[in-house]
Amino acid sequence: MGKLFLVPTPIGNLEDITFRALRVLKEADLILAEDTRNSGKLLKHFEIQTQMYSHHMHNEHKTVDNIVSRIKAGETVALISDAGTPAISDPGFLLTRACVEAGVEVDCLPGATAFVPALVNSGLPNDKFVFEGFLPVKKGRQTRLKILAEETRTMVFYESPHKLLKTLGHFIEYFGEDRRVSVSREITKMHEETIRGTASEVLQHYTDNPPKGEIVVVVEGKS
């Protein structure tokens, strides 16, 4: 029987990939990539010629059984997302669960992910925290925010730049304007920055300076 490797890829700086990740990607029989065009640039940079197959949120339900069968037949498969660790707000959970249920060995390599440096860099308590990923866009958003208003642990969110102001506004509405917030943008990239302050201060900053790039928001829990 083969094996499934979950392989983190850099979220920006290509130097953040590990030696082990490069070896696994080179030795695998097949690489499952969220976007083969995007991942193709990464593989070309590191001179990796392993065959790629598209595996993303729109087709993963249809491809899981075939992939599990190939692994059980002896193939080694590496799963990567566009950036960071697979299955963290990216495809990967369905395949991992199917492999576990089928008795297939799964090995997740340690490596790059956006929320850990954002959390540590925030200056907010990180001995206990909750990762929320992306908030619901419409249905269930208000309900989720009402629940999180009582959360005492530090909260971590992913957000897109064009929705950041709306989300910060909701944090002020449900958590209060003085709740401490840290927004990390473009982590490991050339224009990386972290803006810290109260929810109202951070909202004002990004109202004056429209945000761009990948964003992680860390929010203080209720006192």
Side-chain angles (χ1 to χ4, degrees), residues 1-57 59-60 63-122 126-127 129 131 133 156 158 184-190 192 194 213-216 218:
M1 186 182 294
K3 189 174 182 179
L4 173 66
F5 285 95
L6 305 176
V7 183
T9 54
I11 59 176
N13 193 319
L14 293 181
E15 294 180 358
D16 291 334
I17 199 164
T18 67
F19 291 124
R20 185 182 175 202
L22 292 175
R23 177 180 60 79
V24 168
L25 293 176
K26 288 179 180 179
E27 295 178 354
D29 296 301
L30 177 68
I31 295 174
L32 301 176
E34 186 177 1
D35 185 332
T36 55
R37 294 166 300 179
N38 182 69
S39 297
K41 299 174 184 177
L42 175 72
L43 300 188
K44 182 178 180 180
H45 179 84
F46 289 108
E47 300 180 345
I48 298 171
Q49 299 179 347
T50 307
Q51 178 186 5
M52 277 194 297
Y53 184 82
S54 181
H55 182 83
H56 48 73
M57 63 180 294
N59 74 351
E60 58 180 338
T63 60
V64 162
D65 290 342
N66 178 55
I67 295 167
V68 172
S69 296
R70 292 181 65 165
I71 298 174
K72 293 182 73 173
E75 292 190 52
T76 296
V77 174
L79 172 66
I80 60 177
S81 63
D82 285 346
T85 300
I88 303 296
S89 294
D90 278 320
F93 164 69
L94 292 179
L95 179 58
T96 300
R97 181 177 64 182
C99 286
V100 170
E101 292 175 347
V104 170
E105 185 176 0
V106 179
D107 192 349
C108 182
L109 277 59
T113 190
F115 82 83
V116 173
L119 172 63
V120 175
N121 197 31
S122 70
N126 54 35
D127 54 329
F129 66 92
F131 175 71
V156 184
Y158 285 165
S184 291
R185 189 178 66 82
E186 294 289 81
I187 296 172
T188 80
K189 300 177 184 177
M190 182 181 297
E192 177 178 2
T194 295
E214 302 294 326
I215 292 170
V216 184
V218 184

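- Here the shortest heavy-atom pairing between Met57 and Pro91 reads N-CG, 3.8 Å.
- Interatomic distance, Glu47 CD to Lys26 NZ, rounded to the nearest 0.5 Å: 7.0 Å.
- Ser184 has its side chain out of reach of Val218: every pair of non-hydrogen atoms, C-beta onward, lies at least 4.5 Å apart.
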Assess the residue pair Glu214 and Arg185 against the criterion (side-chain contact (heavy atoms from CB on, under 4.5 Å)); give the C-alpha distance rounded to whole Å, side-chain angles, the decisive distance to 0.1 Å, and a yes or no. CA-CA 6 Å; Glu214 302 294 326; Arg185 189 178 66 82; over 6 Å; no

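- Under the 4.5 Å side-chain criterion, counting only non-hydrogen atoms from C-beta, Ile67 is in contact with His55.
- Atoms OG1 and CD1, on Thr9 and Ile80 in that order, are 5.5 Å from each other to the nearest 0.5 Å.
- Atom CG of residue Asn38 and atom CG of residue Asp82 lie 4.5 Å apart, to the nearest 0.5 angstrom.
- Taking each heavy atom of Tyr158 and Ile88 in turn, the nearest pair found is OH-CG2, 3.9 Å.
- The side-chain heavy atoms of Ile187 and Asn121, taken from C-beta on, include no pair separated by under 4.5 Å.
- Rounding to the nearest 0.5 angstrom, the gap separating the CZ atom in Phe131 from the CG atom in Leu119 is 11.0 Å.
- Contact check for Asp107 versus Lys3: side-chain heavy atoms found under the 4.5 Å cut-off.
- When every heavy atom of Leu25 is checked against every heavy atom of Ala78, the shortest pair comes out as CD2-CB, 3.9 Å.
- Between the side chain of Thr188 and the backbone N or O of Asn13 there is at least one donor-acceptor pair closer than 3.5 Å.
- Looking at heavy atoms from C-beta onward, Val77 lies out of side-chain contact with Leu79 at the 4.5 angstrom threshold.
- Atom NZ of Lys72 is surrounded by 12 or fewer heavy atoms from other residues, nucleotides or ligands within 6.0 Å.
- Pro10 has its side chain within reach of Leu42: a pair of non-hydrogen atoms, C-beta onward, lies under 4.5 Å apart.
- Remark: Ser54 pairs with His56 by the side-chain hydrogen bond (donor to acceptor under 3.5 Å, both in side chains) rule, at least two apart or across chains.
- The closest side-chain heavy-atom distance from Pro8 to Leu109 is below 4.5 Å.
- The two residues Val106 and Cys99 make their nearest non-hydrogen contact at CG2-CB, 3.7 Å.
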Ser39/Asp35 under side-chain contact (heavy atoms from CB on, under 4.5 Å): CA gap, chis, key distance, verdict: CA-CA 6 Å; Ser39 297; Asp35 185 332; 5.6 Å; no

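- Here CD of Glu34 is found 11.5 Å from CG of Leu32. Values are rounded to the nearest 0.5 Å.
- Residue Glu60 places its CD atom among more than 12 non-hydrogen atoms of other residues, nucleotides or ligands, all under 6.0 Å distant.
- How far CD1 of Ile11 is from NZ of Lys189: 7.5 Å, rounded to the nearest 0.5 Å.
- For the side chain to side chain contact (heavy atoms under 4.5 Å, CB included) with Tyr53, the lone residue among Thr36, Ile31, Thr63 that qualifies is Thr63.
- The heavy-atom pair separating Pro110 from Thr18 by the smallest distance is O-CG2, 4.1 Å.
- When every heavy atom of Pro117 is checked against every heavy atom of Thr113, the shortest pair comes out as CD-O, 3.1 Å.
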Apply side-chain contact (heavy atoms from CB on, under 4.5 Å) to the pair Leu6 and Leu4, showing each step before the final yes or no. CA-CA 7 Å; Leu6 305 176; Leu4 173 66; 4.0 Å; yes

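- Side-chain contact between Leu43 and Thr50 is absent, with no heavy atoms from C-beta onward closer than 4.5 Å.
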